[in-house]
2 protein chains.
Amino acid sequence: MSAKRGLIRSGTTVDQMVRAIGDRIVTGVLRPGEKLDEVSLAARFEVSRTPVREALGQLSAMGLVERRPNRGAIVAVVTQEHLTSMFESMAELEGICARLCAERMTGSERRALETEHQASARLVRLGAEEDYEYFNTEFHSRLYRGAHSTHIQELTATTRSRLAPFRRAQFRLAGRLAKSWQEHDAIVTAILRGDGAAAGKAARDHVSIVSEASAVFAVGDQPKAATMTPVTSG
Amino acid sequence: MSAKRGLIRSGTTVDQMVRAIGDRIVTGVLRPGEKLDEVSLAARFEVSRTPVREALGQLSAMGLVERRPNRGAIVAVVTQEHLTSMFESMAELEGICARLCAERMTGSERRALETEHQASARLVRLGAEEDYEYFNTEFHSRLYRGAHSTHIQELTATTRSRLAPFRRAQFRLAGRLAKSWQEHDAIVTAILRGDGAAAGKAARDHVSIVSEASAVFAVGDQPKAATMTPVTSG
DNA sequence: CGAGAGGCAATTGCATGCACTTTTTGCCTT
DNA sequence: AAGGCAAAAAGTGCATGCAATTGCCTCTCG
């Protein structure tokens, strides 16, 4: 019976469900406001309702889903105000990370940051949005790690994942790719010369601009869409 | 059956369990590293294991408990490094809140802040630690609310609750009461004159000092038993 | 024709039971 | 006597079943 869920990854069934459902929320497969029916989810993942319920509870604790007692769970729908607040927090958190990076990054971390950053310049010239998005994520992850503060890293990561559904298509905006790189450049430069204040400000500004870019896609009233793709996973 | 759990408050059983267990962790009744046996907890609260399990899952998602697959749950035990990181984050978060307060607090919020702050001065003169602790909590809550940013409020509140078990007895330290008030005073003054930078710095410093004061009680290796406590309280 | 009450279907909430994993204890071997 | 192995005991993980709440539909009365 251990072969049964070779489909999904390791860990307990509940963990798998948390990841599976959480991924689908973060990646936008499940959209804000969409109803999360326990029996459907259980059937879809071929488990009983119990682990599904536990997973929904944990996701609720993480803020990704909203649970109304006796009335089921839905993908968390954030108000425009809360969304703004999350971007604001993100800007502050990234600012802190950047400042701490400037103060604390080791030599090899600094070198790796600059190397990767310079490498990504090529993708901008090519207009390779998909690939740049990967580098972008990696760039920000480096910033979080470079702060050498596990808890700030946690806060930043969770906030970032909660924002993920709303920042998706940002690079499709005209010129956003090049602008993003320039903003990264300002952050890297400040970090490399150890200027914490400047790095912090550059990072805050960077997120603020992303925030504005994403505001275009801000929602609150997504179509309920019965899309609900077939899981696959693996 | 609704009378059955009149002991605890309303909401679903799971919610009650989350609050009940969470409270016991935050208030130090359950100590870091302590084993959380599902059947014992279920018996203790007169519910079945199911809601207990769900509650433990949610508390795990909140970071208050740690779950080892197939090996039970324990109250989250933080390393010295992580503890430092949390205090650091707390300092930064409070700094942000204070800065935003200076920029955004409404007139009535400012007045209320100052009034309450001045009122608490009396408690310092009396050396009323218990009562001052209440005002202290209220003071910080005002700072979080005054930032007018729901998400920063969330981050701050959860971080604060995770730190609670480690900051308990701070006011018992000689002179800490008066020092705390003076630090609050610096924050209030800066906020009232709208100096965001100064307010942020004052708040950061305040938490940093609390951090040092709490470091006395910091542990990473609590004995499993009920020894080791300057913490008393409860 | 509209509004309210009652009942029915659907869904959530919790308890119980069984399977599997880990840990402990006791016996056997060296 | 000490170490290791095995079997049992304890405890977690998940499935299933029943009770209770919600939402909807219908039927009735104004």
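In what follows, chains are A, B, ... by sequence order, proteins preceding strands, each numbered from 1. A quick note: this is a predicted structure, and the numbers were derived from the prediction, not measured.
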Whole angstrom is fine here: how far is it from [atom1] in [X] over to [atom2] in [N]?
X	N	atom1	atom2	result
Asp37(A)	dG23(D)	CG	P	14 Å
Glu46(A)	dT16(D)	CD	P	12 Å
Leu56(B)	dG13(D)	CG	P	10 Å
Glu38(A)	dT21(D)	CD	P	17 Å
Arg49(B)	dG17(C)	CZ	P	12 Å
Met17(B)	dC14(C)	CE	C1'	12 Å
Glu54(A)	dT12(C)	CD	P	16 Å

Min side-chain heavy-atom separation [X]-[Y] under 4.5 Å:
X	Y	value
Arg68(B)	Ile74(B)	yes
Leu163(A)	Leu83(A)	yes
Leu113(A)	Leu143(A)	yes

Next on the checklist: Quick check for you: among dT12(C), dC14(D), dA15(C), whose closest atom lies nearest to any side-chain atom of Thr13(A)?
Outcome noted: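 The answer is dC14(D).
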
Checklist entry - Excluding sequence neighbours, so at least two apart, what forms ring pair (Phe, Tyr, Trp, His ring centres under 6.0 Å) with His148(A)? => result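 Ring pair (Phe, Tyr, Trp, His ring centres under 6.0 Å) list for His148(A), sorted by chain: empty.
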
Checklist entry - Angle class for the His117(A)/His184(A) ring planes (parallel below 30°, perpendicular above 60°, tilted otherwise)? => result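 Judged by the thresholds at 30° and 60°, the geometry between His117(A) and His184(A) is tilted.
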
Checklist entry - Do Thr50(B) side-chain and dT16(C) base share a donor-acceptor contact under 3.5 Å? => result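 Under the 3.5 Å cut-off, the side chain and the base do form a donor-acceptor pair.
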
Can you name the atoms? Protein N/O to nucleotides 7-10 of chain C N/O, anything below 3.5 Å, with the distance.
none

Would you mind writing out the side-chain donor-acceptor pairs for residues 150-158 of chain B within the sub-3.5 Å range, not counting sequence neighbours?
unit_1: His151(B); atom_1: ND1; unit_2: Ser89(A); atom_2: OG; d: 3.3
unit_1: Glu154(B); atom_1: OE1; unit_2: Arg162(A); atom_2: NH1; d: 3.2
unit_1: Glu154(B); atom_1: OE2; unit_2: His82(A); atom_2: NE2; d: 3.2
unit_1: Thr156(B); atom_1: OG1; unit_2: Ile152(B); atom_2: O; d: 2.5
unit_1: Thr158(B); atom_1: OG1; unit_2: Glu154(B); atom_2: O; d: 3.4
unit_1: Thr158(B); atom_1: OG1; unit_2: Leu155(B); atom_2: O; d: 3.1

Checklist entry - Can you list the residues that meet the side-chain contact (heavy atoms from CB on, under 4.5 Å) rule with Arg160(B), with sequence neighbours excluded? => result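 In terms of side-chain contact (heavy atoms from CB on, under 4.5 Å), with neighbours along the sequence ignored, Arg160(B) is linked to Met90(B), Glu94(B), Asn136(B), Thr137(B), His140(B), Tyr144(B), Arg167(B).
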
Item to check | Neighbours of DNA chain D within residues 62-75 of chain A, by heavy-atom distance under 4.0 Å | outcome: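 Contacting residues: Asn70(A), Arg71(A).
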
Checklist entry - Can you check whether Arg53(B) has a side-chain N or O nearer than 4.0 Å to OP1 or OP2 of dT12(D)? => result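 No, because none of the side-chain N or O atoms of Arg53(B) sits under 4.0 Å from OP1 or OP2 of dT12(D).
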
Checklist entry - Under 4.0 Å between a Lys/Arg side-chain N and an Asp/Glu carboxylate O for Glu88(A) and Arg99(B)? => result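 So Glu88(A) does not pair with Arg99(B) through a salt bridge.
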
Checklist entry - Among all residues two or more places apart in sequence or in another chain, which pass the salt bridge (charged side-chain N to carboxylate O under 4.0 Å, His left out) test with Glu66(B)? => result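 Salt bridge (charged side-chain N to carboxylate O under 4.0 Å, His left out) check on Glu66(B) returns nothing, list empty.
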
